[in-house]
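Sequential numbering from 1 along the given sequence is applied to the chain's residues.
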Amino acid sequence: MTRRFSQRSRKILRILAGNQCEICSKPLLGSFHADHIHPFSKGGKTTLMNGQALCESCNIKKGASTYMKQTKAPKIKMREWQEKCLRQGLDWYSADNKPENKIFVVNTAPGSGKTALASFMAQALIDRGEIDRVIKVMPRNEIANQSAAQFTRITGRPMTKVTGSDCDIEDFGIDLCCTWSSIQNLKEAFQKVCQKHNVLLVCDEHHHAAKEAAWGKSADNAFRDTKRILILTGTPVRSDGNETVWLHFNEKGATL
């Protein structure tokens, strides 16, 4: 594993720190240091969970010792519809503990704040002790990166994007983000994560996962042991009429 944090990881570490040094709280300048909490020289991994943003002076003083100051995520206000939907979702997940209550669907227009709602939902479920990990599936890489950064701003928890070429995804942190196309190569790894942990799966643009197509089959296999599923969509019905995984419709087009 490389010693250097990527530019994306550095950006997230700066956001998590509130643009202040994690030790002395001074504003971070352009050339801040991305530091390993548990030193790389002592086996520390180059992951967001083991990273923090420090000023140059504090990083030099810290040296090969271990130090981390806890920071809080910035408070972001929910919109009225998000608050209402959040309450409905939490009630749905808690109702009767039936298998069908494992899945909650949010169908609203693009740009309305669905992905932000997913982060608020994840935080609420974490606070209630119902889940301990979050996995997001997004349609494209740039959306996955944006969604991961937004998740971190809202929850204060680092989220790392993984790709189909990654091996041991457990090394990449607690909360993960990927694209629909990468699931096929990661399905066994995701299966292990979902079997070991209580996972909330967030699926954006769910219509990509046709039940009988490769992406749908891979997702169904990879996440069959997921504790909770949150489906985000603006187009719940595919134009070709094919069913999507986890969503079933009657002859009138209503969800079952």
Side-chain angles (χ1 to χ4, degrees), residues 1-77 115-116 118-120 122-127 129 131-136 138 141-163 165-178 189 193 196-200:
M1 178 176 284
T2 179
R3 182 169 189 153
R4 294 178 63 85
F5 287 90
S6 68
Q7 288 300 313
R8 176 179 170 276
S9 294
R10 287 174 57 84
K11 181 179 179 181
I12 293 175
L13 290 176
R14 182 194 282 270
I15 291 171
L16 282 173
N19 201 34
Q20 295 180 331
C21 173
E22 296 271 33
I23 294 179
C24 70
S25 298
K26 291 181 180 178
L28 293 174
L29 302 176
S31 59
F32 75 95
H33 288 208
D35 172 66
H36 294 76
I37 297 170
H38 182 59
F40 186 85
S41 61
K42 297 181 180 180
K45 296 179 179 179
T46 308
T47 64
L48 287 173
M49 293 298 294
N50 190 44
Q52 60 184 348
L54 303 180
C55 67
E56 181 179 5
S57 177
C58 286
N59 191 36
I60 292 173
K61 291 178 183 178
K62 173 180 175 290
S65 61
T66 298
Y67 180 90
M68 179 182 183
K69 184 176 72 174
Q70 296 293 329
T71 59
K72 294 184 178 180
K75 184 69 174 178
I76 298 177
K77 184 175 176 58
T115 54
S119 297
F120 291 123
Q123 186 64 67
L125 291 171
I126 291 168
D127 292 343
I131 64 165
D132 51 46
R133 299 191 72 158
V134 180
I135 298 175
K136 282 191 172 188
M138 299 288 140
N141 282 320
E142 61 271 23
I143 295 178
N145 290 333
Q146 293 168 8
S147 180
Q150 183 186 63
F151 177 87
T152 298
R153 287 196 299 271
I154 291 175
T155 68
R157 293 164 61 102
M159 174 170 277
T160 305
K161 185 168 74 68
V162 293
T163 69
S165 62
D166 293 320
C167 298
D168 189 355
I169 62 175
E170 287 279 1
D171 288 342
F172 286 80
I174 293 176
D175 302 314
L176 306 172
C177 190
C178 69
V193 171
K196 289 173 58 178
H197 303 276
N198 293 323
V199 174
L200 168 67

Which pair of non-hydrogen atoms, one from [X] and one from [Y], has the smallest distance, and what is that distance?
X	Y	value
K62	I37	NZ-O, 3.6 Å
I131	V199	CG2-C, 4.2 Å
T46	T2	OG1-O, 2.5 Å
R157	I174	NH2-CG2, 3.4 Å
Q52	L13	N-CD2, 3.8 Å
K136	S147	NZ-OG, 2.8 Å

Is there a side-chain contact between [X] and [Y] (heavy atoms, below 4.5 Å)?
X	Y	answer
D35	E22	no
T47	T160	no
L28	C21	yes

Partner residues of [X] under the side chain to side chain contact (heavy atoms under 4.5 Å, CB included) criterion, sequence neighbours left out:
X	result
R8	S6, I12, N145, A148, K161
S31	none
Q150	T115, A116, R153, I154

Practice task
Could you pull out all residues at least two apart from F120 that satisfy ring pair (Phe, Tyr, Trp, His ring centres under 6.0 Å)?
Solution key: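 Expected list: none.
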Donor-acceptor pair, distance only, cut-off 3.5 Å: does the side chain of [X] make one with the backbone of [Y]?
X	Y	answer
T155	F151	yes
R14	N19	no
R4	A34	no

Practice task
Only counting residues at least two apart or in another chain, list the ones meeting side-chain hydrogen bond (donor to acceptor under 3.5 Å, both in side chains) with Q7.
Solution key: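 For Q7, no residue satisfies side-chain hydrogen bond (donor to acceptor under 3.5 Å, both in side chains) once neighbours in sequence are set aside.
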Practice task
Report the residues that fulfil side-chain hydrogen bond (donor to acceptor under 3.5 Å, both in side chains) with D132, sequence neighbours left out, ordered by chain and then residue number.
Solution key: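 In terms of side-chain hydrogen bond (donor to acceptor under 3.5 Å, both in side chains), with neighbours along the sequence ignored, D132 is linked to no residue.
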Exercise for the section: Would you mind listing every ring pair (Phe, Tyr, Trp, His ring centres under 6.0 Å) that reaches into residues 2-22, with sequence neighbours excluded? Expected result: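 Listed by first then second residue: F5-H36.
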Handout entry: Point-to-point distance, once rounded to the nearest 0.5 Å, from OG1 of T152 to CG of D175
Key =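 One gets 8.0 Å once the value is rounded to the nearest 0.5 Å.
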Exercise for the section: Mind checking the CZ-CG spacing from R133 to N198? Nearest 0.5 Å is all I need. Expected result: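 Going from CZ on R133 over to CG on N198, the span is 11.5 Å.
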